[in-house]
Amino acid sequence: MDNFQAVLRFLMNQKTTIGYSFMALLTIGGERIFSMVSFQCPCNHDQNFAYGVTFLLGPAAVLLIFGIFSSTRFWRLYTGCCLNPMKLCPHGNCFGCLRVFMSIFTGACVAPLMWLCVALLNGTFYECAVSGLDDNLVVDLFCKNKTLKCREELARVPCDRSKLSSEERMELLLMFRAQSQILGWCIIIIGAFVGLLGTCYKNCRSQVSYLQLKFWKSYVDKEKERFDALALEYATKLAERNLQSFFENKAPDPFPFPNHKAWEEISAYYTFSRSEQYYSTLQRYVEKAEHMNLPPEKRPVMDVEDGIEMN
């Protein structure tokens with residue numbers, strides 16, 4: 001039992017690394033499926049470039065959109081901004097808002113960069129895209145010291161329909177693949193270097209010590225975990241109370257519930273400052289004495305402004 005708990009603690013401590021590893025495996029698997037099942041290079045000058053670039057950048061764009069769409073921090077900032085535009089930049093702090101959005105965007109870029117790196121290391125999409133370029137500089141680079149037929153057959157090199165000799169075709173394919181892999185490794189090296197510099201800068205600018213920062217992260221994780229559990233529990237109790245009142249045809253029992261202003265306050269995005277040394281907006285709300293003057297809602301109903309309702 002102790003060994004199982006030790007393994008469980010290790011997995012919980014390494015959940016970020018495990019998540020990225022699982023994402024990398026999914027990316028590699030998805031790229032292989034695309035390459036073997038759905039990707040068929042048309043092998044003509046008019047379509048090769050557009051087709052190859054679509055398969056190279058299209059999934060990356062979808063992963064970027066999905067990463068932003070699934071970001072809790074993004075929706076925490078964006079929800080209600082049409083009704084209250086100042087929510088994006090409270091107190092005119094545009095720099096802080098921009099920093100948060102950059103953090104969200106950076107986190108969403110992990111999966112697209114993984115896709116680009118895996119696709120470029122494989123080289124299939126790059127071969128198709130580059131072989132369809134008509135630029136003279138590119139063609140001269142590939143067909144240097146070769147016959148005129150190389151220029152005419154360059155777009156057919158990724159397929160078996162090329163009229164070039166097997167040696168010339170293989171030489172061009174190896175050149176395409178080498179360039180694709182070099183580009184893939186450049187993205188990996190630049191991404192790792194930028195990630196290292198960003199982490200060093202963030203830790204250097206940190207206003208708390210390393211151990212307190214670890215405690216802060218642990219607290220935020222636990223707060224989110226317990227909030228989800230208690231929210232589910234209270235939602236269940238509220239549903240049971242409303243159903244019981246409906247079926248028994250009687251007035252509902254009082255149900256103390258946070259009011260609209262309280263929900264707004266704990267939904268704000270919190271950044272650490274020397275003047276308010278809390279670990280989250282929820283802790284800031286409960287530690288301040290002002291919230292004691294806000295009476296709980298006896299009737300847990302949503303506030304409706306300007307006729308806007310949730311269906």
Side-chain angles (χ1 to χ4, degrees), residues 19-67 105-106 108-196:
Y20 283 140
S21 301
F22 183 69
M23 187 186 302
L25 291 176
L26 288 179
T27 304
I28 294 173
E31 193 276 337
R32 296 306 300 171
I33 292 174
F34 269 91
S35 299
M36 293 185 297
V37 177
S38 63
F39 183 79
Q40 296 292 332
C41 187
C43 292
N44 63 68
H45 286 288
D46 297 330
Q47 297 181 8
N48 275 21
F49 180 75
Y51 190 80
V53 169
T54 299
F55 271 82
L56 188 63
L57 300 181
V62 173
L63 289 173
L64 177 63
I65 295 173
F66 181 77
F105 181 78
T106 303
C109 284
V110 174
L113 287 177
M114 284 185 179
W115 170 268
L116 285 177
C117 293
V118 171
L120 288 172
L121 290 177
N122 186 27
T124 305
F125 306 145
Y126 181 86
E127 293 170 4
C128 183
V130 173
S131 64
L133 291 174
D134 290 329
D135 188 86
N136 290 329
L137 292 176
V138 177
V139 176
D140 290 341
L141 175 64
F142 294 141
C143 296
K144 186 178 181 180
N145 299 326
K146 292 183 173 60
T147 62
L148 184 62
K149 187 182 292 187
C150 174
R151 294 174 174 271
E152 300 173 354
E153 298 294 322
L154 187 63
R156 298 187 180 92
V157 168
C159 306
D160 295 330
R161 302 195 303 267
S162 174
K163 297 178 182 179
L164 296 174
S165 64
S166 59
E167 293 182 358
E168 287 182 314
R169 179 175 176 272
M170 184 57 63
E171 183 180 349
L172 289 172
L173 283 177
L174 290 177
M175 188 183 302
F176 292 156
R177 193 157 300 172
Q179 292 178 353
S180 179
Q181 291 176 348
I182 289 173
L183 186 59
W185 276 111
C186 287
I187 293 178
I188 293 175
I189 294 171
I190 293 173
F193 189 69
V194 170
L196 176 62

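Side-chain atoms are counted along with the backbone in the values below, which use heavy atoms only and exclude waters and symmetry mates. Numbers here simply count residues along the sequence, with the first being 1.
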List in chain and number order the residues that pass side-chain contact (heavy atoms from CB on, under 4.5 Å) with [X], two or more places apart in sequence or in another chain; answer none if no residue qualifies.
X      : result
Arg156 : Glu153, Ser162
Gln179 : Tyr126, Leu141, Phe142, Met175
Asp46  : Asn44

Residue pair Pro158 / Glu127: nearest heavy atoms and the distance that separates them:
CG-O, 3.8 Å
To the nearest 0.5 Å, what is the distance between CG on Leu172 and CE on Met170?
10.5 Å
As an exercise, state the distance from OG of Ser131 to CG of Leu173, rounded to the nearest 0.5 Å.
9.0 Å
Donor-acceptor pairs are to be reported for all side-chain atoms of residues 49-64 against protein atoms at under 3.5 Å, with residues two or more places apart or in another chain.
| residue | atom | partner | partner atom | Å |
| --- | --- | --- | --- | --- |
| Tyr51 | OH | Gln40 | N | 3.1 |
| Tyr51 | OH | Gln40 | O | 3.4 |
| Thr54 | OG1 | Ala50 | O | 2.6 |

Return the set of residues passing disulfide bond (SG atoms under 2.5 Å apart) with Cys41 (not counting sequence neighbours), or none when no residue passes.
Cys128
I'd like to know if the side chain of Asn48 and the backbone of Ala129 have a donor-acceptor N/O pair within less than 3.5 Å.
no
Counting only pairs under 3.5 Å, give me each side-chain donor-acceptor contact of residues 180-189, with atom names and distances, residues two or more places apart or in other chains.
| residue | atom | partner | partner atom | Å |
| --- | --- | --- | --- | --- |
| Ser180 | OG | Leu120 | O | 2.4 |
| Gln181 | NE2 | Leu121 | O | 3.1 |

